[in-house]
Amino acid sequence: MLFEQIILVKCWFLLVFWMPNSIASLSNFSELYEEVEKLITNFDTYQIPKNNDEYFSNNNYYSNEEDYGTYDFIVIGGGTAGGVLANRLTEENWSVLLVEAGPPEPDTSSILGLNGYLGRSIWSWGYNTTTQKHACFASDNRQCFYPRGRMLGGCSSLNGGLYARGHPKDYDKWASGWSYKDVLPYFKKSERAEFTIDIDRSYHGFEGPQSIDVPEDTPGLTVDLINSFKELGARELDYNGESSYGISRFQVYLDKNIRSSTAYAYIRPAENRSNLHITTNSFVTKIDIKQNRARGITFVKNGQVYTATASKEVIVSAGAINSPQILMLSGIGPVKELRKHKIKVIKNLPVGKYFQDHMFFAGLYYRTDHVYYNLTLEEQLRLWYKNKRPLVAATGFQLVTYYNLQNDTNERPDIEILVSGPPAAGSNWGAIQGYNKKYTDIFKSLNGLTDFMIWVMLLHPKSMGEVTLKSKNPSDFPLINTNYLANEKDVDTIYEGVQRVLEVTKTKAFENIGIQMLDLPMPGCDELHSKFSRKWWHCSIRYLSTTVYHPIGTARMGKSCKNSVVDSELKVHGIDGLRVVDASVIPDHISGHLNAPTVMLAEKISDIIKNEYSGNN
Ligand SMILES: Cc1cc2nc3c(=O)[nH]c(=O)nc-3n(C[C@H](O)[C@H](O)[C@H](O)COP(=O)(O)OP(=O)(O)OC[C@H]3O[C@@H](n4cnc5c(N)ncnc54)[C@H](O)[C@@H]3O)c2cc1C
Ligand SMILES: *[C@@H]1O[C@H](CO)[C@@H](O)[C@H](O)[C@H]1NC(C)=O
Ligand SMILES: *[C@@H]1O[C@H](CO)[C@@H](O)[C@H](O)[C@H]1NC(C)=O
Ligand SMILES: *[C@@H]1O[C@H](CO)[C@@H](O)[C@H](O)[C@H]1NC(C)=O
Ligand SMILES: *[C@@H]1O[C@H](CO)[C@@H](O)[C@H](O)[C@H]1NC(C)=O
Ligand SMILES: *[C@@H]1O[C@H](CO)[C@@H](O)[C@H](O)[C@H]1NC(C)=O
Ligand SMILES: *[C@@H]1O[C@H](CO)[C@@H](O)[C@H](O)[C@H]1NC(C)=O
């Protein structure tokens, strides 16, 4: 690393670029096998850091800054959106510095089936929510576990890989210029559809960098499950197409067997461009703002503090939890919050407010009379090379369906139901979810070879939370108050969703495959309410529901400084040369999953930036 520091010079085009490792050992079975084994073994004992101290490893902090040079654009965060920007902006003759706090993505991140393990590893921030009043009852201190990607590709390198854009009407609630008609071309631009099933072709892209595919069916399960929904009148369809009201196989970020993260699809193909400089293990502590213009950033790497200058723009892409932290540490945020921590106020904006997240109810487990994938790890990995389950899909995901509780299919849905298959609900499940010992032990009775689960996901929560600072010290983790289920209506909606699932499980097709609902103990609810009564479900929902990891809104887009942080071009109100481009700008939740909309918005902003500076290179 010393080498890297010595070669720092101001002219980007003279830099000798340091390359993070790329996924080389995927072709070496024994090497990959060892890495997978290590990831799984370390899972139980890994101690999640309690703050960011690892970055401040010497006493240099706030002294002795070194100049890291001048770039046209500095992108903070090499995650989902940051990866897209790094690639698209370096298509032009602009120099870009991509600053990522985490390490390069590991080889194991290529395997979707391992995603749960990555949440408890050096490749995740491993946050918790603050103590919740109305939810997270099955976790210690009522703090839900809150993993986030901390590596190149960000969350796209450890998420479930599900590709679900949401309902067209979701986008009508965004700022002007973001209607579904406006954004559809950018969904297509990023996509390379490689389906073996029928899709609505006019809604898909075929030449983009990110492969989307449908994992193979699970023999003796997938088709039967589809039939149980059909028995209730559902039509089989492409939920990313004309309508999402039907039953569908999940579409997944998958290039044959490999996870198609933005690291894989956008960063790696651009990594050797001479105008892209990637620095990993580099934690941004501050945006440097003078006379209402973002001039550059301060970051720390291996205990050394650096400053870098942006001649055009600083773009914040640190995600919906860390972007608000960086903005507030830099003096952009609610006056009250900044004063509380004695941070000089540069601009009063509702940073961290309007937080929304999706939750799912994790209390519906089923046991089949089949045994699926009774294989050694080695056998599983060999199948993975052949694009086969179980490791080719995260959490055994199979099917997805949407419900509008008024049965009004012209409106957006309230509920998404996700059907997983084995090995979704194995004995590790409780630990992956971050439940406390009591509940983790209950979930140890799940059998990964026979059991699966059905998730009920709340799409449009009425409860809103916020992200605030613990202190002005960048080493402290931000505080994530999700405020889950504060509004009773959210519990009702999830309960209605559970009722829809119970209808499906009464179908002949479901019974024919010998599936039984598991009756697991629910301490906290069993004592108070009769099992499976409305009150019991309400109680279980507050215990077991947890995040689907979809935070938004903490730097939302809009017109007014009162209720938004960025304008429709994602420029921070009142500050020049500063944009936020990531899931924090999404102003209202979508009826789907967040990766695709995040990639879409980074694609669209890249074009907006190219137009803005064209002829002005
Ligand atoms: C476990 C999990 C499962 C999910 N499953 C799905 C799914 O199946 N389908 C789906 O569509 N969505 C899913 N999501 C959500 C989706 O992945 C995210 O919403 C999306 O990736 C967010 O992208 P982003 O660019 O906003 O942030 P991120 O991808 O989180 O990128 C932010 C990056 O900034 C870096 N960073 C943060 N702070 C700093 C700093 N101070 N200095 C430098 N760098 C910094 C981070 O390390 C990270 O790499 C899941 C998320 C998680 C966590
Ligand atoms: C695979 O990696 C192992 C361990 O690093 C090494 O000994 C072996 O030679 C490699 N095999 C191939 C085919 O490259
Ligand atoms: C999150 O909560 C768990 C369980 O109480 C605890 O072990 C862990 O240290 C907490 N993590 C952080 C970052 O505080
Ligand atoms: C690209 O930009 C560099 C640095 O500004 C400049 O020296 C070079 O001439 C430009 N190249 C082209 C092809 O425009
Ligand atoms: C970038 O360069 C490295 C080192 O030479 C090489 O291993 C890698 O394959 C290159 N990447 C691309 C996308 O060409
Ligand atoms: C899984 O396979 C092992 C070894 O073949 C066997 O002993 C075990 O009974 C099988 N498990 C189940 C649930 O069938
Ligand atoms: C919608 O349809 C479901 C399932 O067919 C039914 O149980 C429910 O009562 C209907 N709801 C309304 C509001 O019509």
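Each residue takes its place number in the sequence, starting with 1. Keep in mind the model is a prediction, meaning the values are calculated, not measured.
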Is there a donor-acceptor pair closer than 3.5 Å between any side-chain N or O of Asp567 and the backbone N or O of Glu569?
yes

Please confirm whether Tyr613 and Phe73 have ring centers closer than 6.0 angstrom.
yes

Is there a donor in the side chain of Thr298 and an acceptor in the side chain of Glu65, or the other way round, less than 3.5 Å apart?
no

Using only heavy-atom distances, determine whether the side chains of Gln132 and Asn481 contain a donor-acceptor pair under 3.5 Å.
yes

List the steps, then state whether ring pair (Phe, Tyr, Trp, His ring centres under 6.0 Å) holds for Trp384 with Tyr33.
CA-CA 11 Å; Trp384 177 77; Tyr33 178 81; over 10 Å; no

Please name all residues satisfying ring pair (Phe, Tyr, Trp, His ring centres under 6.0 Å) with His204, sequence neighbours left out, ordered by chain then number.
Phe195

Are any side-chain N or O atoms of Ser471 and backbone N or O atoms of Asn473, one a donor and one an acceptor, separated by less than 3.5 Å?
yes

Is there side-chain contact between Ile76 and Ile287, with at least one heavy-atom pair below 4.5 Å?
yes

Quick one: does Asp72's side chain have a donor or acceptor within less than 3.5 Å of a partner on Ser95's backbone?
yes

Test: salt bridge (charged side-chain N to carboxylate O under 4.0 Å, His left out). Region: residues 578-597. Which pairs qualify, not counting sequence neighbours?
Glu313-Arg579, Arg412-Asp588, Arg579-Glu612

Just by distance, with hydrogens left out, do Arg556 and Ser564 show a side-chain donor and acceptor under 3.5 Å apart?
no

Check: Trp123 ring centroid to Tyr117 ring centroid under 6.0 Å
no

Between Ser260 and Ser211, does any side-chain donor sit less than 3.5 Å from a side-chain acceptor?
no

Is it the case that Tyr549 and His358 place a side-chain donor and acceptor less than 3.5 Å from each other?
no

Side-chain donor or acceptor of Glu100 paired with backbone N/O of Thr280 under 3.5 Å:
no

Any side-chain donor-acceptor pair under 3.5 Å between Gln251 and Asn240?
yes

Decide whether Asn595 and Asn159 meet the rule of one side-chain donor and one side-chain acceptor closer than 3.5 Å.
yes

Of all pairs that satisfy ring pair (Phe, Tyr, Trp, His ring centres under 6.0 Å), the ones with a partner from residues 464-484, not counting sequence neighbours
Tyr127-Phe477

Judged by modelled atom types alone, do His550 and Gln356 share a side-chain donor-acceptor pair under 3.5 Å?
no

Do Asp607 and Tyr186 get their side chains close enough for a donor-acceptor pair, meaning under 3.5 Å?
yes

I'd like to check Ile552 versus Phe355 (side-chain heavy atoms, cut-off strictly below 4.5 Å). Are they in contact?
no

Pairing donors with acceptors under 3.5 angstrom, does anything connect the side chains of Tyr266 and Arg268?
no

Got a donor-acceptor contact below 3.5 angstrom from the Ser190 side chain to the Phe187 backbone?
yes

Could you check whether Arg150 pairs with Glu54 (Lys NZ or Arg NE/NH1/NH2 to Asp/Glu carboxylate O, under 4.0 Å)?
yes

Could you tell me whether a side-chain N or O of Thr395 sits under 3.5 Å from a main-chain N or O of Phe397, the two making a donor and an acceptor?
no

Got a salt bridge between Arg88 and Glu603, using NZ or NE/NH1/NH2 to carboxylate O under 4.0 Å?
yes

Is there a donor-acceptor pair under 3.5 Å between the side chain of His341 and the backbone N or O of Met328?
no

NZ/NE/NH1/NH2 to OD/OE distance under 4.0 Å, Arg192 and Glu194
yes

Disulfide (SG to SG under 2.5 Å) partners for Cys144, two or more places apart
Cys136

Could you tell me whether the side chains of Ser475 and Asn52 share a donor-acceptor contact shorter than 3.5 Å?
no

Check for me whether the distance between the ring centres of Phe145 and Tyr435 falls short of 6.0 Å.
no

What I want to find out is whether Glu66 reaches Lys301 closely enough, with some N-O distance under 4.0 Å, to be called a salt bridge.
no

Ile609 versus Ile315: any side-chain heavy-atom pair under 4.5 Å?
yes

Return the minimal non-hydrogen interatomic distance between His167 and Ser244, and the atom names on each side.
CD2-OG, 4.3 Å

Is the count of non-hydrogen atoms from other residues, nucleotides or ligands lying under 6.0 Å from Glu91 atom CD greater than 12?
yes

Any donor-acceptor pair under 3.5 Å linking the side chain of Asp170 with the backbone of Ser591?
yes

Listing request: all salt bridge (charged side-chain N to carboxylate O under 4.0 Å, His left out) pairs with a residue in residues 276-288, at least two apart in sequence or in separate chains.
Lys286-Asp288

Only counting residues at least two apart or in another chain, list the ones meeting ring pair (Phe, Tyr, Trp, His ring centres under 6.0 Å) with Trp174.
Tyr171, Trp178

